[in-house]
Amino acid sequence: MVESITHRVTKESYQVEAPPADAPLEVLNEYYWTKDAEPHVARRKAIIAKYPEVRKLTGHEPKSKWYVLAVVALQIGVAIYLRNTYPISWKFFILAYVIGATANQALFLAIHELSHNLMFKKPLHNKLFAIVANVPIGIPYSASFQPYHQLHHKFMGDEYLDTDLPTPLESIVLSNVLGKVFFATFQIFFYALRPMFITQINITSIHLMNIVFQVVADILLVKFASVNSLLYFIMSSFLAGSLHPCAGHFIAEHYVLNDNNVPRAGHEKSGNLSKDLVPPETYSYYGSLNLVTWNVGYHNEHHDFPYVAWTKLPELRRIAAEFYEPLPQINSWCGVLWSFCFNDVNTLWNRVKRTGKVRSGRNVSGLDRNQN
């Protein structure tokens with residue numbers, strides 16, 4: 001089992017010639033459709049079979065909550081400092097880009113950790129603390145993120161349930177230089193709005209608490225500071241999901257870019273792309289920006305073991321090095337943003353999809369149970 005997996009994920013097996021920019025549309029404009037299961041479950045089983053000690057790495061990381069509170073305090077402090085600063089000014093923009101966007105990206109990813117119950121033992125405590133972490137983001141977000149993100153993990157590549165995937169409309173309209181620049185600049189809106197058009201989730205009491213708490217926090221901020229302080233939160237969130245170095249992880253994690261592209265001519269949407277042509281669909285980054293993003297760059301490791309906290313992911317990679325070192329890696333999130341926008345072979349079509357067998361009325365509300 002181990003040998004078959006490590007062989008399949010070697011870099012050499014994916015060093016194929018990418019299609020040229022002027023290739024036929026049937027080569028460029030289609031997703032990588034496959035009927036194969038996503039690779040993370042099989043790799044997790046193989047790693048546990050060889051290294052059963054990795055089970056000890058699972059569980060919450062108690063010290064994470066203090067880092068989150070420090071980032072929240074930092075953002076509130078900067079927002080108060082800017083209360084009398086005109087939002088359309090270099091001082092406001094630079095602080096929002098350098099400090100605000102970096103901090104809010106860290107809070108986005110803190111909420112990501114909390115969605116896996118990795119800061120507290122009880123799921124309810126993680127949900128409630130995520131509402132606190134949400135405050136500097138400016139809009140209620142945390143309660144909706146968890147069920148959608150669980151769908152992404154459980155049904156990765158599913159055309160109906162994985163809302164991380166771009167829709168065909170997005171891919172048709174935005175797979176050109178201007179479209180990709182637009183997408184990269186406003187990707188925060190795509191990730192926020194797309195799920196509502198793809199899959200609906202049930203509204204729970206946690207959603208209502210998230211909305212009420214955020215509205216009250218915003219009102220208090222405007223009352224005791226100014227509307228400029230709230231605008232600092234909003235601008236920080238926008239820039240965190242725009243052309244910012246840390247935002248490169250959104251594209252780097254699952255888009256099939258550059259040399260990892262493989263020809264798709266002659267393969268139909270029905271999912272008959274051969275195993276030799278299905279590229280890796282998750283990519284890890286091991287650079288310095290992991291220091292401010294909760295090690296989200298260890299993304300293959302995270303998808304293999306979603307209940308291992310951020311502090312233990314490097315140890316997981318060290319233990320199971322022969323599984324992870326052969327996988328293609330991302331060297332620069334900034335480079336990913338540039339290459340995605342300006343390399344013609346990189347488009348929104350470059351994702352691995354699975355034909356979803358979703359029945360009408362499928363209930364996904366169960367993903368948000370365990371309120372206590």
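As a basis for the values below, the full set of heavy atoms in this structure was taken, side chains included, without hydrogen atoms, waters or symmetry mates. Residue numbers run from 1 in the order of the sequence given.
- Classification of K56 and E53 as a salt-bridged pair fails, no side-chain N sitting under 4.0 Å from a carboxylate O.
- The nearest pair of heavy atoms linking P168 to K353 is CD-NZ, 4.2 Å.
- Using modelled atom types and a 3.5 Å distance limit, the side chains of R317 and Y286 yield a donor-acceptor pair.
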Take W349 and I172 through the test side chain to side chain contact (heavy atoms under 4.5 Å, CB included) and record every step on the way to the result. CA-CA 8 Å; W349 293 107; I172 291 170; 3.6 Å; yes
Apply side chain to side chain contact (heavy atoms under 4.5 Å, CB included) to the pair H116 and H302, showing each step before the final yes or no. CA-CA 10 Å; H116 291 287; H302 169 65; 3.3 Å; yes
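- With T282 as the fixed residue, the side-chain hydrogen bond (donor to acceptor under 3.5 Å, both in side chains) test singles out one of E38, H40, H299: H40.
- Between T163 and F197 the shortest side-chain heavy-atom distance does not fall below 4.5 Å.
- Closest approach of A184 to L243, counting heavy atoms only: CB-CD2, 3.7 Å.
- Contact of the S284 side chain with the E301 side chain is registered, since non-hydrogen atoms from C-beta on lie closer than 4.5 Å.
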One pair to check against side chain to side chain contact (heavy atoms under 4.5 Å, CB included): V227 and R83. What are the steps and the verdict? CA-CA 7 Å; V227 70; R83 65 189 181 278; over 6 Å; no
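- Checked by atom type and distance alone, the side chain of H153 never pairs as donor or acceptor with a backbone atom of Q150 at under 3.5 Å.
- Of the charged side-chain nitrogens involved, none lies within less than 4.0 Å of a carboxylate oxygen, so that D304 and R44 do not count as a salt-bridged pair.
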Under the criterion side chain to side chain contact (heavy atoms under 4.5 Å, CB included), I'd like the reasoning laid out for N331 against Y285: C-alpha separation, chi angles, the key distance, then a yes or no. CA-CA 6 Å; N331 297 320; Y285 157 82; over 6 Å; no
